[in-house]
Amino acid sequence: MNTDMQKETNKREAEIARRTNETDIKLAFNIDGAGISKQDTGVPFLNHMLDLFTKHGHFDLDVLARGDIEIDDHHTVEDIGICLGQALNQALGNKAGIKRYASVFVPMDEALAQVIIDLSGRPHFEYRAEYPAQQVGTFHTELVHEFLWKLALESRMTLHVIVHYGRNTHHMIEAVFKALGRALDEATSLDPRVQGVPSTKGVL
């Protein structure tokens with residue numbers, strides 16, 4: 001393994017603290033983790049999804065969030081997406097030695113989701129999903145878009161999410177978060193064949 005890759009392996013973690021009039025968030029993220037997650041967000045369904053994302057990506061994630069959930073979950077979910085994106089971007093460093101791209105399909109019973117990632121340094125988000133229900137418990141499904149878009153924006157990744165089909169809204173969203181974890185795990189993986197940054201530009 002070259003020197004750049006060794007440095008990235010040793011330092012691929014970050015901590016983010018973000019406080020606004022709407023939310024107060026502390027988040028720690030380790031790319032090279034063991035699938036250990038601690039979530040206290042005040043949004044139970046998001047806790048569940050982040051746990052799945054962490055487990056399937058083999059990351060470590062610790063989130064403590066306090067937000068104005070008495071109004072609704074929007075600000076909390078959105079700001080956690082911002083913090084996770086910032087942590088991912090910081091943890092990746094100069095991205096030397098990473099695979100960069102990934103495309104993963106994940107089934108969840110009758111549902112099938114696909115996540116495609118390019119850790120390009122160019123934030124872009126495409127989302128194709130139609131859910132049968134507007135809520136899962138008290139969680140509004142439109143917040144999945146808000147979370148993923150802010151994650152893509154702040155991490156500076158190109159992210160495409162496609163839910164090909166499904167009948168159960170919970171299953172469909174669960175497949176998305178599992179696929180997201182697995183795709184991000186693959187894209188951030190270090191490849192000994194990659195010398196430096198995987199781009200003809202020399203930077204990502």
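Small disclaimer: the values here were computed from a predicted structure and weren't measured. All values below come from the heavy atoms of this structure, side chains included, with hydrogens, waters and symmetry mates left out.
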Asks: Got a sec, which hydrophobics cluster with Val104, joining ILVMFWY side chains under 4.5 Å apart, including via others?
Replies: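 Val106, listed by chain and number.
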Asks: Any chance you could pull the hydrophobic cluster mates of Leu64, using side-chain heavy atoms under 4.5 angstrom and chaining through other members?
Replies: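 Via sub-4.5 Å side-chain contacts, Leu64 links to none.
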Asks: Can any side-chain N or O of Asn168 pair as donor or acceptor with the backbone N or O of His171 at less than 3.5 Å?
Replies: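 Checking the backbone N and O of His171 against the side chain of Asn168, a donor-acceptor pair under 3.5 Å is found.
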Asks: Look up atom OG1 in Thr169 and atom CE in Met172, then write down how far apart they are to the nearest 0.5 Å.
Replies: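 Going from OG1 on Thr169 over to CE on Met172, the span is 6.0 Å.
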Asks: If we only count heavy atoms from C-beta on, is the Asp191 to Ile98 side-chain gap below 4.5 Å?
Replies: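 With C-beta onward as the side chain, the pair stays apart.
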Asks: Evaluate Leu92 against Thr188 for side-chain contact (heavy atoms from CB on, under 4.5 Å), listing each step before the verdict.
Replies: CA-CA 8 Å; Leu92 279 170; Thr188 59; 3.8 Å; yes
Asks: For Thr23, which of Asp79, Asp68, Thr76 qualifies under side chain to side chain donor-acceptor pair (under 3.5 Å)?
Replies: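 Answer to the side chain to side chain donor-acceptor pair (under 3.5 Å) test with Thr23 among Asp79, Asp68, Thr76: Asp79.
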Asks: Is the closest basic N to carboxylate O distance between Lys38 and Asp60 below 4.0 Å?
Replies: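 No, this pair does not count.
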Asks: With rounding to the nearest 0.5 Å, note down the distance linking CG in Asp185 to OG1 in Thr54.
Replies: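 Result: 11.5 Å between the selected atoms.
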Asks: Side-chain heavy atoms nearer than 4.5 Å, only ILVMFWY residues, links allowed to pass through others: does that put Tyr101 and Ile31 together?
Replies: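 No.
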Asks: Under a 4.5 Å cut-off applied to non-hydrogen side-chain atoms, are Ile116 and Asp118 in contact?
Replies: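 With C-beta onward as the side chain, the pair stays apart.
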Asks: List the atom of Ala14, the atom of Ala87, and the distance in Å for their closest heavy-atom pair.
Replies: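 For Ala14 versus Ala87, the nearest heavy atoms are CB-O, 3.5 Å.
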Asks: Run the numbers on Leu84 and Leu61 for side-chain contact (heavy atoms from CB on, under 4.5 Å), then give the verdict.
Replies: CA-CA 9 Å; Leu84 181 57; Leu61 177 64; 4.0 Å; yes
Asks: Distance from Asp24 atom CG to Arg18 atom CZ, nearest 0.5 Å?
Replies: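 So the CG of Asp24 and the CZ of Arg18 are separated by 11.0 Å.
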Asks: Please step through side-chain contact (heavy atoms from CB on, under 4.5 Å) for the pair Leu184 and Leu119, ending with a clear verdict.
Replies: CA-CA 9 Å; Leu184 192 57; Leu119 297 174; 4.2 Å; yes
Asks: Heavy-atom distance under 4.5 Å between the side chains of Val194 and Lys99, does that happen here?
Replies: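 Not in contact.
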Asks: Not counting sequence neighbours, which residues clear side chain to side chain donor-acceptor pair (under 3.5 Å) with Asn47? List them please.
Replies: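 Counting only residues at least two positions away or on another chain, Asn47 forms a side chain to side chain donor-acceptor pair (under 3.5 Å) with Thr41.
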Asks: If you look only at distance, which donor and acceptor atoms sit under 3.5 Å apart when one is on a side chain in residues 140-154 and the other is two or more places apart or in another chain?
Replies:
unit_1 : atom_1 : unit_2 : atom_2 : d
Thr141 : OG1    : Gln134 : O      : 3.2
Lys150 : NZ     : Glu78  : OE2    : 3.0
Glu154 : OE1    : Gln86  : NE2    : 3.3

Asks: Only pairs under 3.5 Å count here: list side-chain donor-acceptor contacts from residues 156-164, not counting sequence neighbours, and write none if there are none.
Replies:
unit_1 : atom_1 : unit_2 : atom_2 : d
Arg156 : NE     : Gly121 : O      : 3.1
Arg156 : NH2    : Gly121 : O      : 2.9
Thr158 : OG1    : Ser120 : OG     : 3.2
Thr158 : OG1    : Arg122 : O      : 3.0
His164 : NE2    : Gln114 : OE1    : 2.9

Asks: Roughly how far apart are Ile117 CD1 and Leu180 CG, rounded to 0.5 Å?
Replies: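 Output value for this atom pair is 5.5 Å.
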Asks: Is there a side-chain contact between Val136 and Tyr131 (heavy atoms, below 4.5 Å)?
Replies: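 Val136 does not reach Tyr131 side chain to side chain.
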Asks: Is the CD atom of Glu15 crowded by more than 12 outside heavy atoms at less than 6.0 Å?
Replies: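 Not more than 12 within 6.0 Å, no.
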Asks: Can you pull out every ring-ring contact (aromatic ring centres under 6.0 Å, His included) where at least one residue sits in residues 58-80? Sequence neighbours excluded, please.
Replies: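 Qualifying pairs: Phe29-Phe59, Phe53-Phe59.
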Asks: Quick check: does any side chain N or O of Glu110 sit under 3.5 Å from a backbone N or O of Arg167, one acting as donor and the other as acceptor?
Replies: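 Indeed, once roles are kept as given, a pair shorter than 3.5 Å links the two residues.
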Asks: Side-chain heavy atoms under 4.5 angstrom apart, residues restricted to Ile, Leu, Val, Met, Phe, Trp, Tyr: same cluster for Val63 and Ile82?
Replies: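 Different clusters: Val63 never reaches Ile82 through Ile, Leu, Val, Met, Phe, Trp or Tyr contacts under 4.5 Å.
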Asks: So do Gln39 and Leu46 actually touch side chain to side chain, heavy atoms under 4.5 Å?
Replies: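 A side-chain contact is absent here, since even the closest heavy-atom pair is not under 4.5 Å.
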Asks: Please round to the nearest 0.5 Å and tell me the distance separating atom CZ of Arg128 and atom CD of Glu130.
Replies: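 It is 10.5 Å, given to the nearest 0.5 Å.
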Asks: Work out which heavy atom in Gly166 is nearest to a heavy atom in Pro132; give both atom names and the distance.
Replies: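 Taking every non-hydrogen atom into account, O-CG, 4.4 Å.
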Asks: If the plane angle is over 60° it's perpendicular, under 30° parallel, otherwise tilted; pick one for His48 and Phe45.
Replies: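 Aromatic pair His48/Phe45 classed perpendicular.
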Asks: Could you see if Phe105 belongs to whatever hydrophobic cluster contains Met108? Use Ile, Leu, Val, Met, Phe, Trp, Tyr and a side-chain cutoff under 4.5 Å.
Replies: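 The answer is no; the residues belong to distinct hydrophobic clusters.
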Asks: Between atom SG of Cys83 and atom CG of Leu27, what is the distance when rounded to the nearest 0.5 Å?
Replies: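 Reported value, rounded in 0.5 Å steps: 6.0 Å.
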